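The structure under discussion appears below in the form of structure tokens.
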Amino acid sequence: MMELFFGMERITDHLKTFQDKLLAWYQAQARDLPWRRNPTPYHVWVSEVMLQQTRVETAIVYFQRFIASVPNIRALSELSDDHLLKLWQGLGYYRRAMYLKKAARIMVQKYHGQMPADYKTLLALPGIGTYSAGAIASIAFGHRVAAVDGNVLRVMARVTGNKNDISQLATRKQIHGFVEKLLPLESIGDFNQALMELGAKVCLPGRAPKCGKCPASQFCYAGYHKMPAEIPVKSPKRKRTIAKKTVLIMVRGQRIALQKRKKTGLLANLWELPNQAGHLTEQQCKRKLKQWGITAQTISAKGPLRHVFTHLEWRMQGYHILVSEVENATPWVWATKREIDELYSIPSAFKGFMQG
DNA sequence: AAGCCGGGGAA
DNA sequence: TTCCCAGGCTT
């Protein structure tokens, strides 16, 4: 009985109030973010790609540095992969950077170096899915389309009392369809951002939501029933596998050995310290060096260190090796600190071995 | 539909 | 530890 007074019917019956409450709250509460200062299509695009599965606080510094050194689409289309990945170093999901450049080249070739404005054309570009296409079309161009991210899924599931599994595509489509019906005729970008901002600042995951501060509390099913922790429903995650590795920090004078990773798969195209599968003992390590024709002045164990990915964990035994002599050409580049700072993008997994 | 693809902050 | 983040692509 009471349920009829919350959730979808409540919102559609008082849609104008819902929109106004949300927009007013956003006007008052919106964070001052660098991509909101001058929201050109290029700025919005770069920010949205950086923000995929990435927290706002993390993306801010990357965004500022990226825009400063790659100011427009044409510059991006001409950037070398190594410089591009260097700008992305530490941000993760490095394919995003490659898609960004690939899309920039398409824009130069097909769209006179301009961002396309409509949802469907955006959606066809690499690295732009349903969320990002909606975000760019609405925020940068004012088009009347939804932008449903993880925040919006949580907010809308709670407000409407949707207890279906939000990791299911069908549930996402259901919520996406409902948000489309809620879009105002103007300020679409602000409305979409208001829903996301609400999820990020008020309607927090788990038991943490601040329902007392929520501009939509008068509509909210989960808030009314005091069950925000029960919604949304999400199926459990898969477990991680563990891989042992031996990492070699080979130092020759002022230089350190690096190698480039494969072009596909995990950490594609990034640079790394030479490493081997399994944990080698110091003796096995020395034998390996001998095979390679390398004479070590000193060798000392470092670590072990752990690095956790989403569904993989590396357990790394490190060996710091002062190289005194090399018999033949090595398969690695010997990079100076300066070169590493400027050109070689090294994943965070190796950070603990790179100091000193 | 399920798996792959990073890294970090917070509970 | 687990969860989740302004997700997208491949199989």
Side-chain angles (χ1 to χ4, degrees), chain A residues 26 30-31 33-36 39 44-63 85 88-100 102-103 122-136 138-140 146-155 165-173 176 179 189-201 203-209 229 232 234-241 261-262 264-270 272 306-314 345-352:
Chain A
Y26 182 67
R31 290 167 287 183
L33 301 173
W35 46 87
R36 286 179 178 162
V44 172
W45 171 40
V46 172
S47 71
E48 290 303 339
V49 172
M50 282 189 173
L51 288 164
Q52 289 167 5
Q53 291 293 286
T54 305
R55 289 168 201 279
V56 166
E57 302 76 44
T58 305
I60 288 174
V61 176
Y62 282 89
F63 176 82
L85 288 171
W88 215 265
Q89 176 178 296
L91 199 53
Y93 288 142
Y94 298 91
R95 282 188 304 183
R96 292 183 293 175
M98 309 308 281
Y99 289 144
L100 210 58
K102 192 179 278 185
L122 288 165
L123 191 57
L125 291 167
I128 299 182
T130 54
Y131 163 71
S132 299
I136 296 166
S138 65
I139 297 170
V148 178
D149 72 334
N151 288 308
V152 180
L153 286 175
R154 180 175 60 256
V155 169
D165 184 348
I166 62 164
S167 56
Q168 296 293 310
L169 189 60
T171 309
R172 293 173 185 234
K173 284 184 174 173
H176 190 277
V179 173
D190 282 353
F191 182 82
N192 283 332
Q193 291 186 83
L195 280 176
M196 293 190 265
E197 191 101 349
L198 190 62
K201 305 298 286 183
C203 196
L204 302 173
R207 304 184 172 281
K234 201 170 183 181
S235 56
K237 300 241 158 99
R238 58 282 179 193
K239 63 171 169 29
R240 265 191 291 276
T241 59
R261 291 180 60 84
K262 292 181 304 182
T264 58
L266 185 68
L267 304 170
N269 297 310
L270 273 71
E272 64 181 359
R306 265 160 36 98
H307 186 81
V308 180
F309 299 92
T310 301
H311 46 278
L312 175 66
E313 178 180 332
W314 282 354
S345 184
I346 300 168
S348 298
F350 296 95
K351 218 186 277 179

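Only a predicted model underlies this, so the values are computations on that prediction, with no experimental measurement involved. So you know, we letter chains A, B, ... as the sequences are listed, proteins then strands, and number each from 1.
- Separation of the C1' atoms belonging to C:dC5 and B:dA1 is 22 Å when rounded to the nearest angstrom.
- Look at the P atom in both C:dA6 and B:dA11: the space between them is 14 Å, to the nearest Å.
- Here A:W35 pairs with A:F63 under the ring pair (Phe, Tyr, Trp, His ring centres under 6.0 Å) rule; sequence neighbours left out.
- The distance from atom CG of A:N269 to atom CH2 of A:W88, rounded to the nearest 0.5 Å, is 14.5 Å.
- One P atom belongs to C:dT11, the other to B:dG6, and the distance between them is 16 Å to the nearest Å.
- Residue contacts shown for A:K351 are limited to sugar-phosphate atoms, with no base heavy atom under 4.0 Å away.
- In terms of the ring pair (Phe, Tyr, Trp, His ring centres under 6.0 Å) criterion, residue partners of A:F309 (sequence neighbours excluded) are, by chain and number, A:H307, A:W314.
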Practice item. Start with the C-alpha gap between A:D165 and A:S235, add the side-chain angles, then the distance that decides, and say whether side chain to side chain donor-acceptor pair (under 3.5 Å) holds. Key: CA-CA 6 Å; A:D165 184 348; A:S235 56; 3.2 Å; yes
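- Within the 4.0 angstrom heavy-atom criterion, base atoms lie near A:L91.
- Residues passing the side-chain contact (heavy atoms from CB on, under 4.5 Å) test with A:R31 are A:L33, A:R36, A:V56, A:E57, A:E197, A:A200, A:K201, sequence neighbours excluded.
- Distance check: A:L312 CG to A:L266 CG gives 6.5 Å after rounding to the nearest 0.5 Å.
- A:R261 comes within contact range of no nucleotide atom at all, as no heavy-atom separation falls under 4.0 Å.
- Going from atom OH of A:Y131 over to atom CD1 of A:I136 covers 8.5 Å, rounded to the nearest 0.5 Å.
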Check your understanding: Along nucleotides 2-11 of chain C, 5' to 3', which nucleotides get a B, which get an S, and which get a -, given that the test is a protein heavy-atom distance under 4.0 Å?
Key -> B-BBBBBS--
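- Of the N and O atoms on the side chains of A:R96 and A:T54, at least one donor lies less than 3.5 Å from an acceptor on the other residue.
- Bounding nucleotides for the chain A contact on DNA chain B, 5' to 3', at a heavy-atom distance below 4.0 Å, are B:dA1 to B:dG9.
- Residues satisfying the side-chain contact (heavy atoms from CB on, under 4.5 Å) test with A:A133, not counting sequence neighbours, are A:Y119, A:L122, A:L123, A:I128.
- Map A:H311 and A:Y94 each onto its nearest nucleotide of DNA chain B; the residue landing nearer the 5' end is A:H311.
- Mapping A:L169 and A:I346 onto DNA chain B via the closest heavy atom, the residue that lands nearer the 5' end is A:L169.
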